[in-house]
Amino acid sequence: METIANYVRELVTLCGIPANAAPYAIHAAMVIVAILLSAAAGLLCRKLIVPIVQKVTARTDAKWDDIVFSKEVLLSASSIVPAIVIWVLLPMTFYEYPTVREVLARLTAIYITVMTVRTIIVIINSLHKLGTGPRTARQQYLYTISSVLKIIIIFIAAIVVIAIIIGKDPSVLLTGLGAASAILMLAFQDTIKGLVAGIRLTSNDMLHIGDWITVPSTEADGTVEDITLTMVRVRNFDNTIVTLTPQTLVDGSFKNWLGMQQREGRKQSRKLYVDFRSITTEEDDNGKPTTNVTRFRRHIEEWLAKHPAVLHDRNILARQAEATQSGCCIEIIFWLRAQDIMDYEHDTSDIIEYIIAAANDYGLRIYQQFPEQ
């Protein structure tokens, strides 16, 4: 760099500039040279180095290098290079103007700090693209940690910028923050609670993106679309969006339908109430005494065992449950093949409607409460 300064001085001397104006001409020429070199360095990175790196990563079989060295990451890193060139040339450019040199040096340092943090955040965000589809517990844990890491990086960068502005050592400011830790914990209490709750959710493998969850204490009943440090976004089946805090899920209770989605079959249990006065005694096919409600229960079990929408390798049961003032209770338990909500509801309706209609064939009356006149 000293060679560049010597060339500039010789050029100004050869141009025949008067001695009293030579220092100003040298400073102006050095400023122009610094600007041109920084612009050339940035252009070289964007137009030459970035395409070369992308071509190299495209030829590898690994996926992570395509993401870590993506065009967005490389362009963000390239924006730091011109500032570094300016930083190196500042002592020679404004060697007779220490105040100007100090101000520009601080501004350049702040720019380098901000753009470095931006590049790191872009890299962290790019790493999220490595996992597609529902996240595993480990992926969600890393996602949560990366969110915390971004907050820490931004916090440290803010301390460094403040230290640059006031001309102090950043470590001195970090040491002095001990007294303000209570205030910081109060300001970031939601983030801290979200971090702890998020770790509990992921470490216990309780929640993933793509899971169908139902939260009784809220209106959430749908698919988890995103899980962040302080928010869980759920899209309900009517396409409404519900946002919850991880703390809400940890402190309360919620139902995760993942087990049902991963295994074939959904359990269905329904109860019918039969009027006691419609129950009669009769004889079965072998001439043994029985009742119409017993024959009805056996018919339902045989019919469900042949129904194509019902899983035949699971328990099928039509039993008499505890009677109530509404009548004789018959509980029907079976497993449906359908997991899609529409197919599940249609199959359930078809089966229950047939059972209600079949009761009449056995002389049974289903309990129905009539409104008071």
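Just so it is clear, the values below take in all heavy atoms, side chains as well, and ignore hydrogens, waters and symmetry mates. We number each residue from 1, following the sequence as shown. Fair warning: this is a prediction, and the values are worked out from it, not measured in the lab.
The structure places CG of Asp275 at 4.5 Å from CZ of Arg365, a figure rounded to the nearest 0.5 Å. Of the inter-residue distances, the one linking Asp343 atom CG with Arg337 atom CZ reads 13.0 Å to the nearest 0.5 angstrom. Note that CG of Leu364 is 13.0 Å distant from CD1 of Ile356, once rounded to the nearest 0.5 Å. Atoms OG1 and CD1, on Thr116 and Ile153 in that order, are 11.0 Å from each other to the nearest 0.5 Å. Taking SG from Cys328 and CD from Gln320, the interatomic distance works out to 3.5 Å, rounded to the nearest 0.5 Å. The CG atom of Leu336 lies 12.5 Å from the NZ atom of Lys267; values are rounded to the nearest 0.5 Å.
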Please lay out, stage by stage, how Arg106 and Glu102 fare under the test salt bridge (charged side-chain N to carboxylate O under 4.0 Å, His left out). CA-CA 6 Å; Arg106 293 188 183 186; Glu102 182 65 22; 2.9 Å; yes

Apply the test side-chain hydrogen bond (donor to acceptor under 3.5 Å, both in side chains) to residues Glu283 and Thr290: give CA-CA distance (whole Å), side-chain angles for both, the deciding distance (0.1 Å), then the verdict. CA-CA 5 Å; Glu283 293 183 354; Thr290 185; over 6 Å; no

Mind running side chain to side chain contact (heavy atoms under 4.5 Å, CB included) on Lys150 and Asn125 for me, showing each step along the way? CA-CA 9 Å; Lys150 286 191 288 186; Asn125 292 336; 2.8 Å; yes

Starting from the C-alpha separation in whole Å, work towards a yes-or-no answer on side chain to side chain contact (heavy atoms under 4.5 Å, CB included) for Val234 and Ile241. CA-CA 6 Å; Val234 179; Ile241 302 295; over 6 Å; no

Determine, step by step, whether Leu317 and Ile332 satisfy the side chain to side chain contact (heavy atoms under 4.5 Å, CB included) criterion, reporting the C-alpha distance in whole Å, the side-chain angles of both residues, the deciding distance to 0.1 Å, and the verdict. CA-CA 6 Å; Leu317 179 64; Ile332 303 165; over 6 Å; no

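Of all the heavy atoms in Val73 and Thr119, the pair that sits closest is O-CG2, 4.2 Å. The two residues Trp87 and Ala105 come nearest to each other via the heavy atoms CZ3-O, 3.2 Å. A pairwise comparison of heavy atoms in Ser78 and Pro82 identifies O-CD, 3.2 Å as the closest pair. Smallest separation of non-hydrogen atoms from Asp347 and Ala338: OD2-CB, 3.7 Å.
At a threshold of 4.5 Å between side-chain heavy atoms, the hydrophobic network of Ile, Leu, Val, Met, Phe, Trp and Tyr places Ile124 and Ile154 in one connected group. A continuous path of ILVMFWY side-chain contacts below 4.5 Å connects Ile352 to Ile330, so both sit in one hydrophobic cluster. Hydrophobic clustering (side-chain heavy atoms under 4.5 Å, transitive across Ile, Leu, Val, Met, Phe, Trp, Tyr) keeps Val293 apart from Ile333. Linking Ile, Leu, Val, Met, Phe, Trp and Tyr residues whenever their side-chain heavy atoms come within less than 4.5 Å places Val117 and Leu149 in a single cluster. Put simply, Ile84 and Tyr111 are part of the same group of oily side chains (I, L, V, M, F, W, Y) that touch within less than 4.5 Å, one to the next.
Every residue meeting the side chain to side chain contact (heavy atoms under 4.5 Å, CB included) condition with Glu282, not counting sequence neighbours, appears here in chain and number order: Thr280, Asn292, Arg295.
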Check residues 37-54 and write down every donor-acceptor pair under 3.5 Å in which the side-chain atom is one partner and the other belongs to a residue at least two apart or another chain.
from, atom 1, to, atom 2, distance (Å)
Ser38, OG, Ala34, O, 3.1
Ser38, OG, Ile35, O, 2.8

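Tested against Phe254, the residues Val215, Asp211, Thr248, Leu244 include a single side chain to side chain contact (heavy atoms under 4.5 Å, CB included) partner, Val215.
Looking at Ser76 and Arg118, their side chains do bring a donor and an acceptor atom within 3.5 Å of each other. No donor-acceptor contact under 3.5 angstrom links the side chains of Asn236 and Asp221, judged on distance only.
Proximity of Cys329 to Glu322: side-chain heavy atoms (C-beta onward) are nowhere separated by under 4.5 Å. The side-chain heavy atoms of Trp212 and Phe237, taken from C-beta on, include a pair separated by under 4.5 Å. With a 4.5 Å cut-off on side-chain heavy atoms, Tyr273 and Thr324 count as touching. Taking the side chain as every heavy atom from C-beta outward, Ser278 and Val274 approach each other to under 4.5 Å. Residues Thr291 and Phe296 are not in side-chain contact: their nearest non-hydrogen atoms beyond the backbone lie 4.5 Å or more apart. Two residues are said to be in side-chain contact when any heavy atoms from C-beta on lie closer than 4.5 Å; Thr245 and Val232 fail this criterion.
Screening residues 234-250 for salt bridge (charged side-chain N to carboxylate O under 4.0 Å, His left out) gives Glu225-Arg235 as the qualifying pairs, with residues at least two apart or on separate chains.
Centroid-to-centroid, the aromatic rings of Phe334 and His307 stay 6.0 Å apart or farther.
By the 6.0 Å contact criterion, NE2 on His346 is open, its count of non-hydrogen atoms from other residues, nucleotides or ligands being 12 or less.
Of the charged side-chain nitrogens involved, none lies within less than 4.0 Å of a carboxylate oxygen, so that Arg297 and Glu301 do not count as a salt-bridged pair.
Ring geometry for Tyr354 versus Trp303: interplanar angle under 30°, hence parallel rather than tilted (30 to 60°).
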